[in-house]
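As a basis for the values below, the full set of heavy atoms in this structure was taken, side chains included, without hydrogen atoms, waters or symmetry mates. Treat the numbers as computed from the prediction; the structure is a model and nothing was measured.
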Amino acid sequence: VQLQASGGGSVQTGGSLKLSCTASGITLSSFSMGWFRQAPGKEREFVAVISWSGTSTRYADSVKGRFTISRDNAKNTVSLQMNSLKLEDTAVYFCATHPHPYYSGSYVRTEDYHYWGQGTQVTVSS
């Protein structure tokens, strides 16, 4: 199983980026999918989660209204559209699979997820 996160880069405050997570060896439509991020010296934190069908989503308060998680099961991909980026959004972003199709129970902890991508760096500068 491999998850590949891509789309990171450098952007100025207020800018936008779209991250993608593609998978091989696993069919993502069986799982909820989450995005996490980890800034230097900090713990990995929850960003967003989406149910297997894409009909249900949840966001961290810090990104609500600015980020949008979506998925295309036909393409086996999950995306994270990030708008109005702030300096504090700088981090390595990771995608991960949640074993429950509707992320039942907890979905904000790293231990709630089983497969992880390698991460993509997002750097926001002023």
query: Within a radius of less than 6.0 Å around CD of Gln118, do more than 12 heavy atoms belonging to other residues, nucleotides or ligands occur?
result: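 More than 12 within 6.0 Å, yes.
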Whether over 12 other heavy atoms sit under 6.0 Å from Gln12 CD: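 No.
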Is the shortest heavy-atom distance from the side chain of [X] to the side chain of [Y] under 4.5 Å?
X	Y	value
Val78	Ile69	yes
Val108	Glu45	no
Tyr93	Arg37	yes
Ser20	Lys75	no
Val124	Lys86	no

message: My understanding is that only residues two or more places apart in sequence, or in another chain, count here; which of them pass side-chain hydrogen bond (donor to acceptor under 3.5 Å, both in side chains) with Arg66?
response: Asp89
field: By salt bridge (Lys or Arg N to Asp or Glu O under 4.0 Å) - contacts of Lys64 (at least two apart)
entry: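 Residues passing salt bridge (Lys or Arg N to Asp or Glu O under 4.0 Å) with Lys64: Asp61.
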Minimum heavy-atom distance Ser32-Val49, with the two atoms named: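 So the minimum-distance heavy-atom pair works out to CB-CG2, 4.3 Å.
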Distance (rounded to the nearest 0.5 Å) between Ser30 OG and Trp52 CH2: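 These two atoms lie 9.0 Å from each other.
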If hydrophobic clusters are built by linking Ile, Leu, Val, Met, Phe, Trp and Tyr wherever their side-chain heavy atoms come under 4.5 Å apart, do [X] and [Y] end up in the same one?
X	Y	result
Leu17	Trp35	yes
Met33	Val1	yes
Tyr102	Tyr113	no
Leu19	Phe46	no
Leu80	Phe36	no

query: For Thr77 and Leu28, what are the C-alpha separation, side-chain angles and deciding distance, and is it a side chain to side chain contact (heavy atoms under 4.5 Å, CB included)?
result: CA-CA 7 Å; Thr77 62; Leu28 297 184; 5.7 Å; no
message: Suppose we screen for ring-ring contact (aromatic ring centres under 6.0 Å, His included). Which residues come up paired with Phe94, at least two apart in sequence or across chains?
response: none
message: I'd like to know whether Cys95 forms a side chain to side chain contact (heavy atoms under 4.5 Å, CB included) with Leu3, so could you lay out the CA-CA distance, the side-chain angles of the two residues, the decisive distance to 0.1 Å, and finally the verdict.
response: CA-CA 7 Å; Cys95 58; Leu3 298 179; 4.0 Å; yes
message: Please report whether the ring centroid of Tyr59 lies less than 6.0 Å from that of Phe67.
response: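 When the ring centroids of Phe67 and Tyr59 are compared, they turn out to be at least 6.0 Å apart.
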